[in-house]
Amino acid sequence: MSPEASSAPRSLAEALRARDDASLAALLRDRPDLVAPVPTDLTQLATRAGTRASVLRALEHLDRFALQTAQALAVAPDPATYDTLHELLAGDDGDPAVTEALPDTVAALRRQALIWGDDDRLHLVRTARELLAPSPQHPSPTGLGPTVREATSGMSPGRVQQIVNTAGLPSTHDPVSAVNALTGLFADRKRMDALLAGAPEAAREVLTRLMWGPPYGQVTADPAAHLRWLLDRGLLLPTAPGTVVLPREVALHLRGGRAHRVPEPVPPAVEPSVAHAPGIVDATAAGQAYTSLATIEELLKHWDQGGPAVLRAGGLSVRDLKRTAVALDAPEPLAAFWIELAYAAGLLASDGAADERYAPTPAYDTWLERPVAERWGRLATAWLAATRTAGLIGGRDIKDRALSALGPGLDRSAAPEVRHRVLTLLADLPAGVAPAPEAVLTRLTWERPLRTPQRDGTEDLRVRLARWTLSEAELLGVTGRGSLSSHGRALLGTAPEPDGTPLSPAGQHTAVAVGLLAPLLPEPLDHVLLQADLTAVAPGPLLRPLAETLGVLADVESKGGATVYRFTPASVRRALDAGQTAADLHAFLAQHSRTPVPQPLTYLIDDVARRHGHLRVGVASAYVRCDDDSVLNEIIADKRAAALRLRRLAPTVLAAPCDPATLLEGLRSLGYAPAAESAQGDVLITRADAHRTPPRTAPEPVPEGPPAPDSVLLTAAVRAIRAGDLAATAPLKAPGPQPVGGELPRTSPADTLATMQAAVMTGEAVWIGYVNADGAASQRVVAPIRVEGGFVTAYDHTADEVRTYPLHRITGVAELAED
């Protein structure tokens with residue numbers, strides 16, 4: 001055996017042992033599931049890297065060409081040379097793009113421990129080969145079938161010899177050599193060309209149909225002559241009664257050596273579709289950003305007094321979602337998105353009461369006081385990081401249960417990564433340029449091709465997440481006209497600071513985006529235009545105190561570039577219920593109107609105020625009192641009041657068995673303007689922000705697998721793995737205790753104590769077996785410092801720190817060999 005062959009790694013563990021610390025850290029960074037918990041040594045790391053769950057997770061994060069490379073290795077001999085792999089991907093003619101991309105791809109697969117070995121002996125990890133190799137139950141994307149050896153494994157030796165003779169090969173003494181001869185024939189380009197030159201035309205057509213897969217076909221008990229010609233020469237081999245397969249070697253010859261019909265070494269470009277001026281994109285995105293804030297405010301204002309009830313299984317009912325959509329004048333999927341966005345930002349939650357309902361959180365009031373751009377920053381940041389996916393609402397989960405807004409089952413851990421990737425692809429284009437959505441989806445599919453197919457035939461979840469990202473980014477004002485805005489680039493962390501300095505740390509991206517957005521937002525106005533038809537026109541966004549007061553005094557009739565408010569008796573009464581007087585309302589309108597206050601509006605306010613509070617409703621169950629007994633007589637005589645079951649307690653007092661709120665609504669429906677009063681007889685003032693949940697935190701995103709380790713953890717993990725590997729592989733002095741099958745060293749307590757004391761005097765490291773208080777056993781390399789009181793104080797090379805060990809928990813000790 002040559003020195004080179006003897007030095008080649010014989011296992012993945014040996015290959016990992018030959019790596020430097022930077023390479024091990026790169027492996028743990030690429031596959032974070034390997035570091036939780038930290039492996040004890042490199043053998044355990046290799047074992048964990050070869051488990052099915054870990055390998056499948058790693059394969060799912062490969063791009064299309066890396067996956068094609070792994071699939072090619074799965075159909076190549078084990079081990080395979082780099083040249084064999086290159087031929088499988090580039091074909092006999094060679095593909096320059098494959099030739100250029102393959103070295104980096106092989107290096108990436110080797111870095112992720114999916115392949116190991118030198119270029120002359122490349123091994124695909126066994127579990128990956130089992131997952132990617134073709135089989136009748138799990139066809140390979142390569143479309144290749146079994147090898148000649150695999151397809152003839154159950155064939156009689158006599159039949160194998162017949163095939164060899166018919167193919168023009170000399171007879172052999174055993175079936176193994178016969179199969180080898182047939183394999184050699186099919187792998188020889190010249191001899192195969194000569195063999196196929198004599199094939200009937202119909203036989204060639206059959207081979208052409210099976211060449212790119214699937215490689216299986218059906219034949220009758222008495223096949224046609226052209227099929228018999230193929231069967232007799234082993235170009236088709238039977239796998240079951242009535243079923244034949246095209247051997248892998250034959251298919252590769254017909255394909256010109258290619259494992260894939262179309263290798264894709266280069267990612268598809270995200271081509272520009274349309275281009276706009278960057279200023280137009282930013283202005284459009286800023287306008288939509290402001291609209292998103294107004295929509296969230298309208299939603300939470302609609303739920304100020306306590307929103308819809310929480311379903312028993314959690315979430316919002318379909319009926320309540322429909323009502324909310326009507327209130328927002330938006331389709332139900334869009335209303336569901338705004339609801340989920342408010343929830344992700346921590347502005348909305350359940351109140352936790354016995355009759356649990358959704359309501360704004362105290363954070364909503366704080367959020368309202370912030371500048372407009374900062375409020376948008378909180379929404380955009382929450383959207384980027386959220387794993388709850390509003391697009392799933394209305395669908396069904398794997399148990400066929402309906403998925404509702406704010407309900408369980410909406411978390412998709414891949415959502416944040418897909419959002420960031422989609423926006424990054426947009427950021428790679430010049431400012432103002434928008435790509436075609438399908439180009440973005442094609443690129444994402446190339447980057448993550450291996451995903452579990454959907455049972456219902458719908459698109460892959462990653463593709464659907466990308467579609468939702470493109471539409472939600474437009475709704476939120478991150479993009480404008482399909483192009484990433486300047487504040488969107490800053491939010492993503494791909495735009496420089498306004499003064500040209502390098503980009504801020506990740507935690508400050510939002511602040512940079514807010515700074516870029518703020519000048520683009522319209523300045524709020526301090527006035528409205530009152531009309532003679534009892535309406536007010538707000539020509540732009542209003543200052544918050546003005547908007548809040550006007551929102552109580554009038555109803556929003558239409559929204560858009562200008563908002564139209566309509567004054568009605570009910571809206572004026574609502575303002576009076578909130579503690580305003582007629583004089584307050586007149587002064588408010590005169591102060592904030594650029595037009596004279598119309599006389600009809602003055603009359604409306606005075607008329608409602610004259611009747612407001614004339615009736616008093618309190619607790620009896622409920623009562624009505626009025627100084628004018630003729631008004632009470634009128635109420636009792638009204639047939640429409642029969643449902644209230646009123647009865648007279650005194651000339652100026654009526655009682656009802658219903659609660660005060662029902663009595664208030666009933667009298668208002670009859671055209672009266674009663675006011676509620678407390679048990680002390682004081683008028684109750686109702687506030688719009690009366691109901692809030694207890695303090696709530698925003699929902700935590702659900703991570704996709706273990707979190708990515710930071711540099712500190714990677715450094716500590718690599719050091720611990722190295723030290724553990726030293727303990728597991730350190731050579732011992734003969735006749736030291738030789739552990740068998742990973743067992744701990746065993747020595748008597750007296751020998752353990754004597755060896756430890758000698759090591760303290762010489763300063764040498766020793767190898768110990770140790771069992772902790774939980775019964776977990778481990779092997780460690782330690783340098784004893786002190787032995788006293790039944791304890792050993794030593795520097796533990798495995799943990800890289802000084803530790804103290806009870807002597808009775810040390811199972812044995814051995815000196816290390818000098819080399």
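Values below: all heavy atoms of this structure, side chains included; hydrogens, waters and symmetry mates excluded.
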Could you give all pairs that pass the salt bridge (charged side-chain N to carboxylate O under 4.0 Å, His left out) test and reach [range], with sequence neighbours left out?
range	answer
residues 426-442	E438-R467
residues 322-346	D320-R323, K322-E332, E340-R388
residues 264-291	R64-E264

State which residues pass salt bridge (charged side-chain N to carboxylate O under 4.0 Å, His left out) with [X]; sequence neighbours excluded, sorted by chain then number.
X	answer
R31	none
E297	R375, R544
R443	E447

4.5 Å side-chain heavy-atom contact, [X] and [Y]:
X	Y	value
R696	T361	yes
L714	L24	no
T324	W338	no
Y364	D304	yes
L517	V372	no
R357	W303	no
L34	P39	no
L59	L132	yes

Distance in Å, T291 OG1 paired with I296 CD1, rounded so as to fall on 0.5 Å steps: 12.0 Å
Is there a donor-acceptor pair closer than 3.5 Å between any side-chain N or O of [X] and the backbone N or O of [Y]?
X	Y	value
T381	R378	no
H302	E298	no
T479	E474	yes
R489	L423	no
S485	G488	yes
R419	W383	yes

Salt bridge R312-E356, side-chain N to carboxylate O under 4.0 Å: no
Salt-bridge present (R448, D63; N to O < 4.0 Å): no
Go through the structure and list residues passing side chain to side chain contact (heavy atoms under 4.5 Å, CB included) with [X], not counting sequence neighbours.
X	answer
L470	V422, L426, P437
V564	T535, V537, E557, S558
S471	none
P522	Y290, P541

Side-chain donor-acceptor pairs under 3.5 Å in residues 400-412, sequence neighbours left out?
{"unit_1": "D400", "atom_1": "OD1", "unit_2": "R396", "atom_2": "NE", "d": "2.9"}
{"unit_1": "R401", "atom_1": "NE", "unit_2": "D397", "atom_2": "OD2", "d": "2.9"}
{"unit_1": "R401", "atom_1": "NH2", "unit_2": "D397", "atom_2": "OD2", "d": "3.2"}
{"unit_1": "D411", "atom_1": "OD1", "unit_2": "T387", "atom_2": "OG1", "d": "2.6"}
{"unit_1": "R412", "atom_1": "NH1", "unit_2": "G409", "atom_2": "O", "d": "3.0"}

T127, T47, D33 screened by side chain to side chain donor-acceptor pair (under 3.5 Å) with S54, the one that passes: D33
Member of R370, R692, K301 meeting the salt bridge (charged side-chain N to carboxylate O under 4.0 Å, His left out) criterion with D365: R692
ring-ring contact (aromatic ring centres under 6.0 Å, His included) involving W376 - partner list, sequence neighbours excluded: H487
